Amino acid sequence: MKITRLTTYRVAPRWMFLKVETDEGITGWGEPVLEGRARTVEAAVQEFAETLIGQDPMRINDLWQTMYRGHFYRGGAILMSAIAGIDQALWDIKGKALGVPVYQLLGGLVRDKMKVYSWVGGDRPADIVADMQRLMEGGFDTFKLNGTEEFGLLDTPRAIDTAVAKIAGVHDALGTQVSFGIDFHGRVSAPMAKPLLKALEPFRPLFVEEPVLAEQAEHYARLAASTSIPLAAGERMYSRFEFKRVLEAGGIAIVQPDLSHAGGITECHKIASMAEAYDVAFAPHCPLGPVALAACLQVDFVSHNAVLQEQSMGIHYNKGAELLDYVINKEDFRIANGYIHALPKPGLGVEVDEERVIRAAKNAPDWHNPIWRHKDGSVAEW
Ligand SMILES: O=C(O)[C@H](O)[C@@H](O)[C@@H](O)[C@H](O)CO
Ligand SMILES: [Mg+2]
């Protein structure tokens, strides 16, 4: 079998799908996207296409290593997102060619169902309790919310109290009926993370995500020593070679690689295994589309340390299209009582509505995150 064509489709809300065609009529789909940098990743995918066309798509490991090592420069958000989407499509082709879901090719199921969580609130958390109560009716009991808005490198006790008040409101209203992760979203500096974590301890969040920016990873172990709240990170780390340093230094209790940013199924399956050796949980980041989610699930169902799966249904970013709008087999993605089952169909398990994708690609929005500024006019972490 030979790869014949790679076609990218940028679509609402802010996703990009990749179709990889072969000379035997089997097509694979991937989701190579970096939110806000879709056009840059698209260019990277098309550059990789120059070396992929004519190659055997079944040789996923060699194609992955060639994409990673063959062009001298390696790693980083753009190249690893491009490789991720291509890798997903190659696994999709392989599974379809052999007539089995990808998880069968990775050794079979380690669990019957996978716990998922839902986002509540937006960039500026409000009406959080009402959101949770609505989703609880649908069976969710685990959530994630942003912990703060803009936060200064050195901010005030009042800013900490404002952030804590939101969480206290959730805890007072719902107590232990729900569990929730708090996403610091990289908005909190190292000097402020310690007092903010301490102030949040009474509310026992399930985890705090990106307590500091990934480039401040050396603080994870120090922060973990100062709090009982499990720390989570990984959406802005792009390969085993970044995760190994974090795992070795300690401090992170949950790794959250993104299957569309960290090299795809091939790389994230290895990251999950590395994390397991350190007794670290695996909870893939996925605020993206259905192909990215399907790729996450394929790894979740073969990874003993997979504990929680992010999915974007109802997320504040999904303006103009929802998680399953481009999917034909919507029923396979049904979430019941906060769990999802393994996708039964061959490959990634997504039947992409290609006509809808092609139509949507004709007027794709060019999504970018807002640029936030502090009161003094300096740029703030969004
Ligand atoms: O946890 C999450 O989903 C992420 O922090 C998410 O908010 C960001 O990755 C966003 O998609 C970047 O544009
Ligand atoms: Mg996050």
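Note that ligands are numbered from 1 as they come in the structure, with each ligand's atoms numbered from 1 the same way. By convention here, the first residue in the shown sequence is residue 1. Quantities reported herein were computed from a predicted structural model and do not represent experimental measurements.
Note: F140 and Y117 fail the aromatic proximity criterion, with ring centroids not under 6.0 Å apart. Between F48 and H71, the ring centre distance stays below 6.0 Å.
Within the 4.0 Å heavy-atom cutoff, K144 counts among the residues contacting ligand 1. Residue contact annotation: E210 has no non-hydrogen atom under 4.0 Å from ligand 1. Residue contact check for ligand 1: N369 places no non-hydrogen atom closer than 4.0 Å to it. For the ligand labelled ligand 1, residue Q256 lies outside the 4.0 Å heavy-atom shell.
Within a 6.0 Å radius of NZ in K115, other residues, nucleotides and ligands contribute more than 12 heavy atoms. For D279, the CG atom counts as loosely surrounded, since its 6.0 Å shell holds 12 or fewer non-hydrogen atoms of other residues, nucleotides or ligands.
Close contacts between ligand 1 and E35 involve ligand atoms 9 (O), 10 (C), 11 (O), 12 (C), 13 (O) [criterion: under 4.0 Å to a heavy atom].
Using modelled atom types, no side-chain atom of K144 and backbone atom of W119 make a donor-acceptor pair closer than 3.5 Å.
The proximity of H285 to ligand 1, defined as any non-hydrogen pair under 4.0 Å, is limited to the side chain. Residue W367 touches ligand 1 through its side chain alone, judged by heavy-atom distances below 4.0 Å. For D258, no heavy-atom contact with ligand 1 is shorter than 4.0 Å.
With values rounded to the nearest 0.5 angstrom, H341 atom NE2 is found 14.5 Å from F333 atom CZ.
Geometry note: the Mg ion (ligand 2) is the vertex, E209 OE2 and D183 OD2 are the arms, and the angle is 90° (rounded to 10 degrees).
Between E21 and R5 there is a salt bridge, with a side-chain nitrogen of the basic residue lying less than 4.0 Å from a carboxylate oxygen of the acidic one. Here K2 does not pair with D56 in a salt bridge; the nearest charged N to carboxylate O distance is not below 4.0 Å.
Looking at W382 next to ligand 1, no N or O pair under 3.5 Å apart turns up.
One of the N, O or S atoms belonging to E235 lies under 2.8 Å away from the Mg ion (ligand 2).
Of the candidates E235, H368, R187, H316, it is E235 that places a heavy atom closest to atom 5 (O) of ligand 1.
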